[in-house]
Protein chains: 2
Amino acid sequence: MLLKIEFESETPIYQQIKNQIIKGIATGELAIGEDLPSVRQMAADIGINFHTVNKVYTQLKQEGWVVVHRKSGVMINPDLKAELTEDYLQTLEENLETLAAEAYLRGVSKEDFHGMIDKKYSSFIGRGRK
Amino acid sequence: MLLKIEFESETPIYQQIKNQIIKGIATGELAIGEDLPSVRQMAADIGINFHTVNKVYTQLKQEGWVVVHRKSGVMINPDLKAELTEDYLQTLEENLETLAAEAYLRGVSKEDFHGMIDKKYSSFIGRGRK
DNA sequence: TATCTGTTATATATATTATATAACAGTTCT
DNA sequence: AGAACTGTTATATAATATATATAACAGATA
């Protein structure tokens, strides 16, 4: 998987990597059970310190997105079952409200917003839970 | 307007205030032309340093949400005309994609997402640009 | 043994966030 | 004129977050 990092961005590098990996899982660009590069390899590919990648993998493991084996390295969790907790729903609603408020004030209609959602969801592969 | 700050949150205080003010404009809780508390007053109300509030007002002014007059203080910009720039649309799409990817993987359906959007938009007052 | 994994420890540098004091230049009211 | 309020600016400090640098360790593999 090709990662594109913007070093001038306000978003921290480790956060950019996390976001792109989760997007990759959703779109299927990262197959289930697929191996991710080693911390040192990915760090070398991007041109950053391996601790930054290690932070990403540690958090992704913590949140259940990946599993780790000695030597075999890090792979997308084959038993991925991200839960729809009340805490998550609350933060989602809050983030969405912030996003929607500014979008609305800038002239993005409800229909525009629906269209953007539809476009994103159409790019996701059929792996989500029902 | 009553501001609720979570001091344990990962989101910086100044960012929480900004978000709530923009939400307030969208919902109409903050009327157009309405005065906001002075930097010192709001800081005292919340129990934080006035520089933190000053940072909020400076950025809100910079982005066109408020206007500032000596003595009369800060008010919601009566000529609010937030623009739908290409840069803004791009960041909106990117933020939405990140949000949608995780939501999808956690079992939030497209219809759920639409419902959340509709709920937010129904709380916004008719002031947006067309 | 040599080489690859993730992991941990320690140290350093930089930027961000938040606070603390102080002062200044306008405006408004007494 | 003077007091009391505005936003604004300057300076300093502290805590935290982000990123890097070097080194070492334990387990797996060839």
Side-chain angles (χ1 to χ4, degrees), chain A residues 1 3-22 30 33-78 91 98, chain B residues 1 3-22 30 33-78 91 98:
Chain A
M1 185 194 191
L3 293 172
K4 293 180 181 177
I5 305 300
E6 295 181 23
F7 292 94
E8 326 82 20
S9 171
E10 297 176 9
T11 307
I13 297 175
Y14 83 95
Q15 190 65 60
Q16 293 185 46
I17 300 176
K18 276 189 69 179
N19 289 345
Q20 290 183 41
I21 288 179
I22 293 179
L30 285 176
E34 178 172 340
D35 284 333
L36 291 175
S38 74
V39 288
R40 290 174 179 82
Q41 186 60 53
M42 178 178 285
D45 290 345
I46 303 178
I48 59 176
N49 191 274
F50 81 89
H51 282 107
T52 305
V53 179
N54 193 54
K55 182 175 185 176
V56 173
Y57 283 0
T58 299
Q59 291 190 8
L60 288 175
K61 184 180 70 172
Q62 184 88 18
E63 298 165 11
W65 302 107
V66 301
V67 291
V68 176
H69 291 100
R70 292 275 175 187
K71 182 61 180 177
S72 66
V74 178
M75 67 164 62
I76 307 301
N77 192 348
T91 48
T98 301
Chain B
M1 184 194 192
L3 291 173
K4 294 181 181 177
I5 304 301
E6 296 181 22
F7 292 93
E8 325 81 22
S9 171
E10 298 176 9
T11 306
I13 297 175
Y14 83 95
Q15 190 64 60
Q16 293 185 45
I17 300 177
K18 274 189 70 179
N19 290 344
Q20 290 183 42
I21 288 180
I22 293 178
L30 286 176
E34 178 171 340
D35 284 333
L36 290 174
S38 73
V39 288
R40 290 172 179 83
Q41 184 60 53
M42 178 179 286
D45 290 345
I46 303 178
I48 59 177
N49 190 275
F50 81 90
H51 281 108
T52 304
V53 179
N54 194 54
K55 182 176 185 175
V56 173
Y57 283 0
T58 300
Q59 291 190 9
L60 287 176
K61 183 180 71 174
Q62 184 87 18
E63 298 164 13
W65 302 108
V66 301
V67 291
V68 175
H69 291 100
R70 292 275 176 188
K71 182 60 180 179
S72 67
V74 179
M75 67 164 63
I76 306 300
N77 191 348
T91 49
T98 301

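In the text below, chain A, chain B and the rest are named by the order of the sequence lines, each starting its count at 1. We use all heavy atoms of the structure for the numbers below, so side chains are in, but hydrogens, waters and symmetry mates are not.
- For the pair B:K55 and C:dA18, the criterion of a side-chain N or O lying under 4.0 Å from OP1 or OP2 is not met.
- Note: CG (B:N54) to P (C:dT17) measures 15 Å, nearest angstrom.
- B:F50 comes within 4.0 angstrom of a nucleotide base, judged by non-hydrogen atoms across all strands.
- Among the nucleotides D:dT8, C:dT19, D:dA19, the one closest to any side-chain atom of A:T52 is D:dA19.
- Here the straight-line distance linking atom CE of A:M42 with atom CG of A:L3 works out to 5.0 Å at 0.5 Å rounding.
- In this structure, A:N77 contributes its side chain and A:G64 its backbone to a donor-acceptor pair below 3.5 Å.
- Computed from coordinates, the A:L60 CG to C:dT7 P distance equals 11 Å when rounded to whole Å.
- Set against D:dT8, D:dG7, C:dT17, the side chain of B:Y14 has C:dT17 as its closest nucleotide.
- Here the nucleotide nearest the side chain of B:I48, chosen from C:dT7, D:dG7, C:dT19, is C:dT19.
- Side-chain atoms of A:R40 and base atoms of C:dT7 include a donor and an acceptor less than 3.5 Å apart.
- Atom-to-atom, CD of B:Q41 to C1' of D:dA4 comes out at 14 Å; the value is rounded to the nearest Å.
- As a whole-Å value, the separation of B:I13 CD1 from C:dT16 C1' is 13 Å.
- Here the P atom of nucleotide D:dT6 and the CG atom of B:D35 are 11 Å apart, to the nearest Å.
- One interatomic measurement links the two molecules: NE2 of A:H69 to C1' of C:dC4, which rounds to 17 Å at whole-angstrom precision.
- If you check C:dG6, D:dG7, D:dT8 against the side chain of B:S38, the one that comes closest is D:dG7.
- Here A:I5 contributes atom CD1 and A:I46 contributes atom CD1; the two are 4.5 Å apart, rounded to the nearest 0.5 Å.
- Distance CD/B:Q59 to CG/B:N54: 10.5 Å, rounded to 0.5 Å.
- For B:H51 and C:dT21, a side-chain-to-base donor-acceptor distance below 3.5 Å is present, hydrogens and geometry of angles not being considered.
- Taking atom CG of residue B:N49 and atom P of nucleotide D:dA15, one finds them 15 Å apart after rounding to whole Å.
- A straight line from CD of B:Q62 to P of D:dT8 spans 11 Å, rounded to a whole angstrom.
- Atom NZ of B:K18 sits about 3.5 Å away from atom CD of B:E63, to the nearest 0.5 Å.
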